[in-house]
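Have a look at the structure below, then the notes.
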Amino acid sequence: MKILTITLLLLSFGFASGQTTLIESERAKINGTWVIENEVANVWTFTNNNYCEWRLNGEIIGQFTFSITSEFSQNGIEHTYLKLININNSNEVYEYAINSIGNYKMTLATIAPKVSYSHFIKQ
């Protein structure tokens, strides 16, 4: 009975934490400085402590907290999402589907009001 209880607690904790291996991998990969492709003056920097900073021509134009979450589709595929909340105005929120992320390239998709893609290169 003790083994069953401990197993159930561990499984519950694992699901409650919401950290899949895909989320953990993407959180590790997103840390660093990214430049929007064809817009070298538009730089986004992500840090370990869930902070994101947008710079344009070297000037800070946005400071955000960020989180990465995921959902599973009906066919079992996990899709990840990036959410940015402005530190100075919590009503300013940006949400992106993480279309792809690797060690040197990332593609984010906006979903509303229309689908568009931003391509990034890691510096």
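For the single chain, residues carry numbers from 1 onward in sequence order.
- A donor-acceptor distance shorter than 3.5 angstrom exists from the side chain of Asn89 to the backbone of Asn91, with no hydrogens or angles considered.
- When Trp34, Phe64, Trp54, Tyr51 are each tested for a ring pair (Phe, Tyr, Trp, His ring centres under 6.0 Å) with Trp44, only one passes: Trp54.
- Residue Val35 is not grouped with residue Ile30 when hydrophobic side chains (ILVMFWY) are merged at heavy-atom distances under 4.5 angstrom, including chains of intermediate members.
- One side chain, Thr110 or Ser116, offers a donor N or O that lies under 3.5 Å from an acceptor on the other.
- Taking all atoms of both residues into account, the shortest heavy-atom contact from Gly32 to Lys122 is CA-CE, 4.0 Å.
- At a cut-off of 3.5 Å, with distance as the only test, no side-chain donor of Asn48 or Arg27 sits close to an acceptor on the other residue.
- The two residues Ala97 and Tyr81 make their nearest non-hydrogen contact at CA-CD2, 3.7 Å.
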Take Leu22 and Thr80 through the side chain to side chain contact (heavy atoms under 4.5 Å, CB included) test and state the conclusion after the steps. CA-CA 8 Å; Leu22 181 59; Thr80 52; 3.7 Å; yes
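- There is no path of hydrophobic side-chain contacts, each under 4.5 Å, that joins Tyr96 to Val43.
- Using a 4.5 Å heavy-atom threshold, the side chains of Phe66 and Lys83 count as separate.
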Applying side chain to side chain contact (heavy atoms under 4.5 Å, CB included) to Asn88 and Gln63, what does each step give before you reach the verdict? CA-CA 8 Å; Asn88 300 311; Gln63 296 175 303; 4.0 Å; yes
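- A continuous path of hydrophobic side-chain contacts links Leu56 to Tyr94 [ILVMFWY only; heavy atoms under 4.5 Å].
- Distance NE2/His79 to OG/Ser73: 4.0 Å, rounded to 0.5 Å.
- There is a side-chain donor-acceptor pair under 3.5 Å between Glu39 and Asn42.
- Within the 4.5 Å cutoff, side-chain heavy atoms of Glu78 are placed close to those of Thr20.
- Inter-residue side-chain proximity for Glu92 and Ile85 is flagged as unmet; no heavy-atom pair is nearer than 4.5 Å.
- A donor and an acceptor atom, one from each side chain of Glu53 and Thr45, are nowhere located under 3.5 Å apart.
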If you apply the rule side chain to side chain contact (heavy atoms under 4.5 Å, CB included), what do you find for Phe120 with Leu108, and how did you get there? CA-CA 8 Å; Phe120 294 82; Leu108 300 179; 3.7 Å; yes
Side chain to side chain contact (heavy atoms under 4.5 Å, CB included) between Leu84 and Val93: does it pass, once the steps are laid out? CA-CA 6 Å; Leu84 302 170; Val93 177; over 6 Å; no
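- The hydrophobic cluster containing Ile36 also contains Ile101, counting ILVMFWY residues as joined when their side-chain heavy atoms lie under 4.5 angstrom apart, directly or transitively.
- Ile68 and Ile23 get closest at one heavy-atom pair: O-CG2, 3.7 Å.
- Separating the OG atom in Ser70 from the CD1 atom in Ile77 is a distance of 13.0 Å, to the nearest 0.5 Å.
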